[in-house]
**Q** 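Below is one structure. I have some questions about it.
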There are 4 protein chains.
Amino acid sequence: MLNRVVLLGRLTKDPELRYTQNGTAVATFTLAVDRRVTNQQGERETDFIPIVVWSKQAELCAQYLGKGRQAAVEGRIQVRNYENNEGRRVYVTEVVAENVQFLGGGEGSGDFEQRTPVFSGDGKPSRNFQNDNPFADDQRPIDISDDDLPF
Amino acid sequence: MLNRVVLLGRLTKDPELRYTQNGTAVATFTLAVDRRVTNQQGERETDFIPIVVWSKQAELCAQYLGKGRQAAVEGRIQVRNYENNEGRRVYVTEVVAENVQFLGGGEGSGDFEQRTPVFSGDGKPSRNFQNDNPFADDQRPIDISDDDLPF
Amino acid sequence: MLNRVVLLGRLTKDPELRYTQNGTAVATFTLAVDRRVTNQQGERETDFIPIVVWSKQAELCAQYLGKGRQAAVEGRIQVRNYENNEGRRVYVTEVVAENVQFLGGGEGSGDFEQRTPVFSGDGKPSRNFQNDNPFADDQRPIDISDDDLPF
Amino acid sequence: MLNRVVLLGRLTKDPELRYTQNGTAVATFTLAVDRRVTNQQGERETDFIPIVVWSKQAELCAQYLGKGRQAAVEGRIQVRNYENNEGRRVYVTEVVAENVQFLGGGEGSGDFEQRTPVFSGDGKPSRNFQNDNPFADDQRPIDISDDDLPF
DNA sequence: TTTT
DNA sequence: TTTT
């Protein structure tokens with residue numbers, strides 16, 4: 001019906017870029033969003049919120065965003081679930097971004113020089129794949145439907 | 001920094017009302033939010049989003065909301081984690097509501113007659129408690145800090 | 001960049017439906033949104049917010065919404081200006097809706113029976129037209145560009 | 001009921017800071033927010049949205065924000081009206097900010113050195129005052145209720 | 001009356 | 001584990 005999210009925070013790492021079987025780009029990153037109020041111990045806590053971006057925006061994020069950069073994300077909350085390799089149902093909540101604004105900051109910060117996109121695939125098997133693909137690592141399209149999220 | 005969510009959906013069950021050790025009310029429920037677009041199979045999918053409400057609003061939700069009722073929720077995304085009883089770190093994402101609007105609908109729908117609040121505690125131990133309390137079931141305050149979420 | 005609005009309120013009147021020169025539907029209505037806090041006199045004030053909807057959604061609003069009905073509106077704030085017939089620049093702020101949800105309530109309330117759309121054109125000339133059209137009244141398309149708002 | 005706005009844009013000028021009769025600070029500025037899509041002439045249009053901030057946040061805005069700076073604003077839409085000095089009712093729409101985030105950019109940009117707050121009062125009488133105060137110019141509190149907006 |  |  002109505003499902004709207006707006007976040008402002010910093011990337012905890014460079015985005016990861018992948019491609020679905022039929023060539024759709026999808027980028028993922030985590031946004032660290034500080035809470036506005038401190039807790040009872042007087043500490044400022046942070047929510048680490050997983051973000052998913054599709055298509056052209058995914059590629060732009062991979063090119064222009066990096067660890068430590070500030071970004072504003074507008075999108076919707078998505079809750080999906082899958083069966084893990086122990087046969088247990090796992091629930092994943094993430095924000096599907098429809099609009100990402102690149103703000104300043106971050107390391108190496110010659111504001112928005114282009115980065116070399118980081119393709120994910122790092123030896124550690126991605127166990128929450130709906131369809132595990134051993135070739136995911138070498139930048140070949142992964143064998144899942146466009147509906148699924150490849151991470 | 002900035003973390004804003006607005007949702008419109010229906011409760012999948014009656015809210016559960018609890019009290020922290022020092023008497024703060026907390027209600028929880030799941031909001032079923034239909035997606036605006038259908039998937040590739042032409043089906044309309046639904047996101048089931050866990051909601052947490054505190055204090056006075058919690059008690060109002062327990063009184064006036066029920067299974068099937070429509071509600072608008074405004075709040076923020078919170079990601080917390082705890083170690084479960086198998087020693088594994090579990091991540092929980094939920095929306096902490098700051099404003100809940102009661103809309104029509106639902107069963108027995110003599111619009112907003114008061115309901116008998118449903119206290120949770122149903123025999124099945126609540127395993128994601130930070131601090132398990134055997135008395136949670138009989139409506140006595142539960143023994144955890146106000147910071148923690150009792151579910 | 002980022003311009004997001006979510007409102008929940010009631011229509012002060014039936015929506016007005018018009019068509020631009022090239023046949024695009026546009027509906028307008030005012031949403032009465034109560035403030036959450038009362039003022040210093042203990043009264044609850046209300047903001048009356050002008051809403052604009054385009055295309056298919058405009059026609060659905062004209063059919064299914066009416067005076068007193070509750071609606072949730074998601075969109076963006078738009079500030080436009082035009083020169084009035086006294087040669088003075090007038091500023092208009094309105095919410096351009098991208099998503100309107102029909103909620104219950106309202107008069108005659110046999111929930112969402114279809115209404116006869118109300119075409120605007122009531123004898124009183126609409127002086128904030130960019131391009132005044134004497135035929136606007138008899139439901140013929142109005143002679144303005146799609147960019148402009150016909151009211 | 002529910003009235004939520006999130007904006008990201010740049011200040012068109014330094015904020016103006018004033019004080020109500022009983023000492024409450026209020027800052028005002030205009031946020032230039034680019035539209036995401038270009039119009040039929042291929043130009044990117046901009047909405048100029050008036051912002052009001054109260055109390056402590058007002059003083060922080062006056063100190064840390066300036067012309068050209070980027071800011072994220074979270075708040076609610078307010079529509080008020082008053083009778084102008086020609087006896088005509090004038091409607092004013094503005095965003096009452098509850099949370100302002102200072103982002104980079106702007107002139108002189110030694111990021112967030114403190115600025116000398118700009119008090120409004122520039123010789124031109126502020127004609128949309130509900131209660132005109134000839135002393136508003138010399139930084140003395142203005143003689144209106146806290147409920148009213150002094151600009 | 002507008003910002004980059 | 002889900003609502004209409």
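Keep in mind that what you see is a predicted model, and the values were worked out from it rather than measured. To find a chain, count down the sequence lines: A is the first, B the second, and so on, and within it residues start at 1. Computed from heavy atoms alone, side chains included, the values below leave out hydrogens, waters and symmetry copies.
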**Q** Check every atom of F/dT2, E/dT1, F/dT1 against the side chain of B/Phe48 and return the nucleotide holding the closest atom.
**A**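 When the side chain of B/Phe48 is considered, F/dT2 is the closest of F/dT2, E/dT1, F/dT1.
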**Q** Which atoms form the tightest heavy-atom contact between B/Val33 and B/Leu8, and what is the distance?
**A**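 Closest approach of B/Val33 to B/Leu8, heavy atoms only: CG1-O, 3.6 Å.
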**Q** Which nucleotide, E/dT3, F/dT3, E/dT2, lies nearest any side-chain atom of B/Lys67?
**A**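 Minimum distance to the B/Lys67 side chain belongs to F/dT3.
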**Q** Using every non-hydrogen atom in the two residues, find where A/Met1 and C/Asn99 come nearest and quote the distance to one decimal.
**A**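 Heavy atoms only, the tightest pair is O-ND2, 3.3 Å.
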**Q** What closest approach, in Å, do A/Gly66 and A/Leu11 show between heavy atoms, and which atom pair accounts for it?
**A**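 In this case the closest contact between A/Gly66 and A/Leu11 is O-CB, 3.6 Å.
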**Q** OH of A/Tyr82 versus C1' of F/dT1: gap in Å, rounded?
**A**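 Atom OH in A/Tyr82 sits about 18 Å away from atom C1' in F/dT1.
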**Q** Measure across C/Ala72 and A/Leu2 and return the closest heavy-atom pair with its distance rounded to 0.1 Å.
**A**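 That closest heavy-atom pairing would be CB-CD1, 3.8 Å.
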**Q** Side-chain donor or acceptor of B/Thr30 under 3.5 Å from a matching atom on the base of F/dT2?
**A**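 Between F/dT2 and B/Thr30, which were checked side chain against base, a qualifying N/O pair under 3.5 Å is absent.
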**Q** Would you kindly give the CD1-to-C1' distance between B/Ile51 and F/dT2, to the nearest whole Å?
**A**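 The answer, rounded to whole Å, is 13 Å.
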**Q** D/Lys13 NZ to E/dT3 P: how many Å, rounded?
**A**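 Roughly 10 Å, once rounded to whole Å.
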**Q** State which of F/dT4, F/dT1, E/dT4 makes the closest approach to the side chain of A/Arg89.
**A**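 Nearest listed nucleotide: F/dT1.
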**Q** Take the protein atom CZ of B/Arg10 and the nucleotide atom P of F/dT1, then report the distance between them rounded to whole Å.
**A**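 Those two atoms, CZ and P, are 23 Å apart.
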**Q** Kindly point out which of E/dT2, F/dT3, E/dT4 is positioned nearest to the side chain of B/Ala32?
**A**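 Out of E/dT2, F/dT3, E/dT4, the nucleotide with an atom closest to B/Ala32's side chain is F/dT3.
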**Q** Between F/dT2 atom C1' and B/Leu31 atom CG, what is the distance in whole Å?
**A**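 Taking CG of B/Leu31 and C1' of F/dT2, I get 11 Å after rounding.
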**Q** Is a salt bridge present between C/Arg88 and D/Glu86, judged by a nitrogen-to-oxygen distance below 4.0 Å?
**A**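 Yes, charged N to carboxylate O under 4.0 Å.
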**Q** How many whole angstroms separate atom CD of D/Glu43 from atom P of E/dT2?
**A**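 So the two atoms are 15 Å apart, to the nearest Å.
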**Q** Measure from the side chain of B/Thr12, starting at C-beta and using heavy atoms only, and say which of E/dT4, F/dT3, E/dT1 lies closest.
**A**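 Looking only at side-chain atoms, B/Thr12 lies closest to F/dT3.
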**Q** Without decimals, in angstroms, what is the distance between D/Arg69 CZ and E/dT2 C1'?
**A**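 Roughly 18 Å, once rounded to whole Å.
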**Q** Measure from CE on C/Met1 to P on E/dT4 and round the result to the nearest Å.
**A**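 It works out to 11 Å between those atoms.
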